[in-house]
Enquirer: 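Sharing a structure below in structure tokens format, with a few things to ask.
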Amino acid sequence: MLCIRCICSRNIQTGSLKEMKKENASLYWTVALFLALSTICVTAEKLYRPYDVEDGIAVEADDKCEVAYRQCKAKNYHLSASPGLLVPNTKIGEVYGTADYTLSFDITPTGTINDYGSILHFTTDNNCCNFGQRSPAIWFHQGTTRLYVAIGDSTDGNWRLDTDALPLNVRTKITLECKGKNVKLTVGAKVYTATQPTYRFAGNLVVYASDPWHPAAKAVISNLRYKILPAAEVNEAVTSQRHYMSNLQDEEMNVAEKENMDN
């Protein structure tokens, strides 16, 4: 684009675009292409820039990719969360989730209830406990502000982490980071870690804040963000997976050849 601008500055004189076309058809199409590319770049920047929303949810994704049991698509989502106290059965949108992601939000508990209080719920279609129905889902435990963070696993749709109680009427930052086998949950200054048993769900998810299957937690949430696996890391994972599959196929072929020789 810098080169195009240089050409324009040296050759384009005052006058209408029509006159310029008559003088130099090649230059006309160069300028037309420059204008078209500028429009596309501005539009793309608006569509794919990272979101930073006070009361909302953002999803960031890049190149379409596929890894064993993990997928991601090039889409950005911006879903509005309800202001004020959480309300049951509040759908805030739909996303295409990946197995590797970061979920973060601020939460201010204002009280407790004698039931599991729903905060957030990413699900394929229902409450529990098929694979993907809690990907993730977060509640307060009964009668307390201890977090119940269900992440889900292929072997257990309700695989989860629990935390200590959060302080009432104090805003606390929550960050859930899931990458490969590593799961890290940061609650204020406390960090909880776990090892994923197998793998997490990837696919279409409905997002609730809070869900239709439990009463809402007495809390206010803000700065809600959901970021899926960046393209560079996905490409690395794809390459690693391809090497693994290639080596596995080579081993199978070697075994088959050996069996044929023995026979």
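Start at 1 with the first residue, then count along the sequence.
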Enquirer: Going by atom types only, do D125 and Q133 share a side-chain donor-acceptor pair under 3.5 Å?
Expert: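 Yes, side-chain donor-acceptor contact under 3.5 Å.
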
Enquirer: Check step by step if side chain to side chain contact (heavy atoms under 4.5 Å, CB included) holds for V183 and R200.
Expert: CA-CA 11 Å; V183 175; R200 293 173 293 278; 3.9 Å; yes

Enquirer: Could you point out which residue of L147, T163, D106 forms a side chain to side chain contact (heavy atoms under 4.5 Å, CB included) with I174?
Expert: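 Per the side chain to side chain contact (heavy atoms under 4.5 Å, CB included) rule, the option paired with I174 is L147, out of L147, T163, D106.
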
Enquirer: Which heavy atom of L205 sits nearest a heavy atom of S135, and at what distance?
Expert: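 The answer is CD1-O, 3.6 Å.
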
Enquirer: Answer yes if the side chains of T112 and T144 hold a donor-acceptor pair under 3.5 Å, and no otherwise.
Expert: no

Enquirer: Yes or no on side chain to side chain contact (heavy atoms under 4.5 Å, CB included) for Y101 and K227, after CA distance, side-chain angles and deciding distance?
Expert: CA-CA 6 Å; Y101 62 86; K227 180 179 180 180; over 6 Å; no

Enquirer: Does a donor on one side chain and an acceptor on the other come within less than 3.5 Å for D100 and Y199?
Expert: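 No, no side-chain donor-acceptor pair sits under 3.5 Å.
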
Enquirer: Mind running side chain to side chain contact (heavy atoms under 4.5 Å, CB included) on D211 and W139 for me, showing each step along the way?
Expert: CA-CA 10 Å; D211 72 30; W139 296 262; 3.6 Å; yes

Enquirer: Please determine, by modelled atom types, if D162 and H141 share a side-chain donor-acceptor pair under 3.5 angstrom.
Expert: yes

Enquirer: Restricting to non-hydrogen atoms, name the atom on G111 and the atom on L168 that form the minimum distance, rounded to 0.1 Å.
Expert: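 Smallest interatomic distance, heavy atoms only, reads N-CD2, 3.5 Å.
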
Enquirer: Answer yes or no: is there a side-chain heavy-atom contact under 4.5 Å between T186 and K173?
Expert: no

Enquirer: In terms of ring plane angle, is the pair F122 and Y226 parallel, tilted or perpendicular, where the classes change at 30° and 60°?
Expert: tilted

Enquirer: Tell me whether the centres of the aromatic rings in Y116 and F140 are closer together than 6.0 Å.
Expert: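 No, too far apart.
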
Enquirer: Determine whether I138 and I113 fall in the same hydrophobic cluster, where Ile, Leu, Val, Met, Phe, Trp and Tyr are linked whenever their side-chain heavy atoms lie under 4.5 Å apart.
Expert: no

Enquirer: Does any non-hydrogen side-chain atom of C178 lie less than 4.5 Å from one of I151?
Expert: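 I151 reaches C178 side chain to side chain.
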
Enquirer: Restricting to non-hydrogen atoms, name the atom on A219 and the atom on P109 that form the minimum distance, rounded to 0.1 Å.
Expert: CB-CA, 4.0 Å

Enquirer: Which atom names give the shortest non-hydrogen contact between A202 and A99, and what distance separates them?
Expert: CB-N, 3.9 Å

Enquirer: Sequence neighbours left out, what pairs pass salt bridge (charged side-chain N to carboxylate O under 4.0 Å, His left out) with at least one residue falling in residues 183-195?
Expert: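 Only D164-K190 qualify under salt bridge (charged side-chain N to carboxylate O under 4.0 Å, His left out).
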
Enquirer: Please, which pairs that meet salt bridge (charged side-chain N to carboxylate O under 4.0 Å, His left out) have at least one residue in residues 130-155, sequence neighbours excluded?
Expert: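 Those involving residues 130-155 do not exist here.
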
Enquirer: With a 4.5 Å cut-off on side-chain heavy atoms, are H214 and N127 touching?
Expert: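 They are in contact (side-chain heavy atoms under 4.5 Å apart), so the answer is yes.
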
Enquirer: Check T172 against G188 and note the closest heavy-atom contact, atom names and distance.
Expert: CG2-N, 3.5 Å

Enquirer: Taking all non-hydrogen atoms of both residues, which atom of T145 and which atom of L166 are closest, and how far apart?
Expert: OG1-O, 2.6 Å

